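All values reported here derive from a predicted model rather than from experimental measurement.
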Amino acid sequence: MARTWATLGIDLHLEPAGPGLRRGLTDALREAVRGGRLVPGTRLPSSRSLAADLGIARNTVADAYADLVAEGWLTARQGSGTRVAAREPTPSPDGRRAPAPAPGASVRLPAYDLRAGHPDVSAFPRTEWLRAARRALTAAPNEAFGYGDPRGRVELRTALAAYLARARGVRADPERIVICAGFAHGLGLLGQLLRARGADTVAVESYGLDEHWRLLTAAGLRTRPLPFDRLGTDTTRLSREPAAVLLTPAHQFPMGVPLHRDRRAAVVDWARRTGGLVLEDDYDGEFRYDRRPVGALQGLAPDEVVYLGTASKSLAPGLRLAWMVLPPGLVRETVAVKGAVDVCGTPDQLTLAEFITSGAYDRHVRASRSRYRRRRDALVAALAEHAPQIEVTGIAAGLHMLLRLPPGTERRVIRAAAGLGLALDGLTPRHRHPDTAAAPLDALVLGYGTPADHAWSGALDLLCTVLSDPAVTGAG
């Protein structure tokens, strides 16, 4: 058969084997995706066409496609046919992403992804977003499509000021908000600003995200980790040396605890005594389940705290929209570092402003909160049934939880899961600062936001299979 399927999505060479045509076809298709013959985005033949080529019933092909859509290997949409689903590289045994393969090399791709840091992008509210875009662009003045204010569109800054005050307790003024192209962009700007001021060191949490530490290092700053215990990051250990401290006070990432009220008071007192700056990462502030929402630290000290928020968890990372609420004396310097031109697209800024002011953002967040809570509950129940030896923590909020593993098993668990097509993220080394004095802890930073609804049960089954295996976790 001609090998034109890779470009045209018409012909496809398969050799179903094993008992039963449906199972044989399903296995052959899955292996074609897993082995790299069918790359993400490839359009598959119609069920009628493939059935005719293979000389089997059309229903058999349709059923095989449906099975693989449910497992997350394929996607199916009316009008665009059945395609190979997009996937990320399988993590290596140490938890880091594997390097990209050489051209033409086959690669084993995960069927499911339970790594932390991503929402369910399949739930992006496309219809409501398009409606908001239509209204926003219709009403936008012509000057909105010029180079614009480097702080971002005033419509979005005004909408955010009202929303953040209402939902997160932030004391915001549109004049003190700067729109960024994602959280990393904002943190990078602050790193440059601190270095330009002559700063040398930023205090960070012992557990966090290595990308953030690297951003600060790239700005010429050293990062010094603070101790961590059951009350959260120990801000009482802050000295006069660091010029700033980066915290996730509402829901510590990745350990999952809120910063204790005494520690919150301590960091505010430190900032006021020393002139230091608190950088507050409120990455998942909207998602609270079993407790009252923890308000933003910025509300206690708006002159000492830079509040950083983002649409990445609540809507989608691909929007590349984040915001900083700055102390009054920091706005001019931040704008100077950012540059004279707004780098965030005006249409998306206007659309998000309309999305917020119309109430669509609140409705979407409430729906997402309900969906993620159901996933969390199902995950906790399944682990209690199949892997009761695993301690689960940090479940009251957010899109991830921490699963504490028996000592010495973290890499083994990640490797076993990868072999089954399940991507997992370990606590070490990516989330543990290399200079922390704390002993290494074996754990999984488990995200339950990423899988689409149709793939959730399959991901959960595989996770329980790995964690219930005594050969992997050492449980007797």
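Annotation: the span from Tyr163 atom OH to Thr357 atom OG1 amounts to 13.0 Å, rounded to 0.5 Å. Within the model, atoms CG of Leu160 and CZ of Arg153 stand 13.5 Å from one another, a figure rounded to the nearest 0.5 Å. Expressed to the nearest 0.5 Å, how far OG1 of Thr346 lies from CD of Glu155 amounts to 9.0 Å. The CG atom of Leu441 sits 6.5 Å away from atom CG of Leu402, with the distance rounded to the nearest 0.5 Å. Atom CZ of Arg43 sits about 10.5 Å away from atom OG1 of Thr75, to the nearest 0.5 Å.
Between His433 and Val204, the closest side-chain pair of non-hydrogen atoms falls below 4.5 Å. Using a 4.5 Å heavy-atom threshold, the side chains of Leu462 and Tyr112 count as touching. For the pair Thr351/Arg135, no side-chain contact is recorded, criterion being any heavy-atom separation below 4.5 Å from C-beta on. By the 4.5 Å heavy-atom criterion applied to side chains, Pro440 and Arg432 are counted as neighbours. Looking at heavy atoms from C-beta onward, Asp149 lies out of side-chain contact with Val154 at the 4.5 angstrom threshold. Within the 4.5 Å cutoff, the side chain of Phe355 has heavy atoms near those of the Pro125 side chain. In this structure the side chain of Leu137 reaches within 4.5 angstrom of the side chain of Pro347, judged on heavy atoms. The shortest distance between side-chain heavy atoms of Asp377 and Tyr289 does not fall below 4.5 Å.
Only one option out of Leu379, Val380, Leu460 pairs with Tyr448 in a side chain to side chain contact (heavy atoms under 4.5 Å, CB included); it is Leu379. Residue Glu205 is tested with Leu259, Asp281, Leu246, Thr248 for a side chain to side chain contact (heavy atoms under 4.5 Å, CB included); the sole match is Thr248.
In this structure, His212 and Phe183 have tilted ring planes: the angle between them lies in the 30° to 60° band.
Enclosure of atom CZ in Arg363 by more than 12 non-hydrogen atoms of other residues, nucleotides or ligands within 6.0 angstrom is indicated.
Looking only at distances, a side-chain donor or acceptor of Lys338 sits under 3.5 Å from a matching main-chain atom of Ile179. Remark: the backbone N or O of Ala76 is not paired with any side-chain donor or acceptor of Tyr65 at under 3.5 angstrom. For the pair Arg151 (side chain) and Val178 (backbone), a donor-acceptor distance under 3.5 Å is absent.
Under a 4.0 Å N-O distance rule, the pair Asp210/Arg430 qualifies as a salt bridge.
Ring centers of His364 and Phe124: at least 6.0 Å apart, outside the cut-off.
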key: Full working for ring pair (Phe, Tyr, Trp, His ring centres under 6.0 Å) between His251 and Phe287   = CA-CA 10 Å; His251 186 226; Phe287 299 109; over 10 Å; no

task = Any chance you could lay out the side-chain hydrogen bond (donor to acceptor under 3.5 Å, both in side chains) test for Thr60 and Arg22, step after step, and finish with the verdict?
result = CA-CA 5 Å; Thr60 301; Arg22 175 176 171 177; over 6 Å; no

request  = Begin from the C-alpha positions of Asp453 and Arg375 and carry the test salt bridge (Lys or Arg N to Asp or Glu O under 4.0 Å) through to its verdict.
outcome  = CA-CA 9 Å; Asp453 286 341; Arg375 289 188 181 190; 2.7 Å; yes

key: Residue pair Arg168, Asp282: steps toward the salt bridge (Lys or Arg N to Asp or Glu O under 4.0 Å) verdict   = CA-CA 9 Å; Arg168 300 296 300 128; Asp282 195 35; 2.8 Å; yes

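Checked by atom type, the side-chain pair Glu128/Tyr361 shows no donor-acceptor distance below 3.5 Å. Judged by distance alone, the side chains of His431 and Asp425 do bring a donor and an acceptor atom under 3.5 Å apart. For the residue pair Ser370 and Arg374, a side-chain donor N or O sits within less than 3.5 Å of a side-chain acceptor on the partner.
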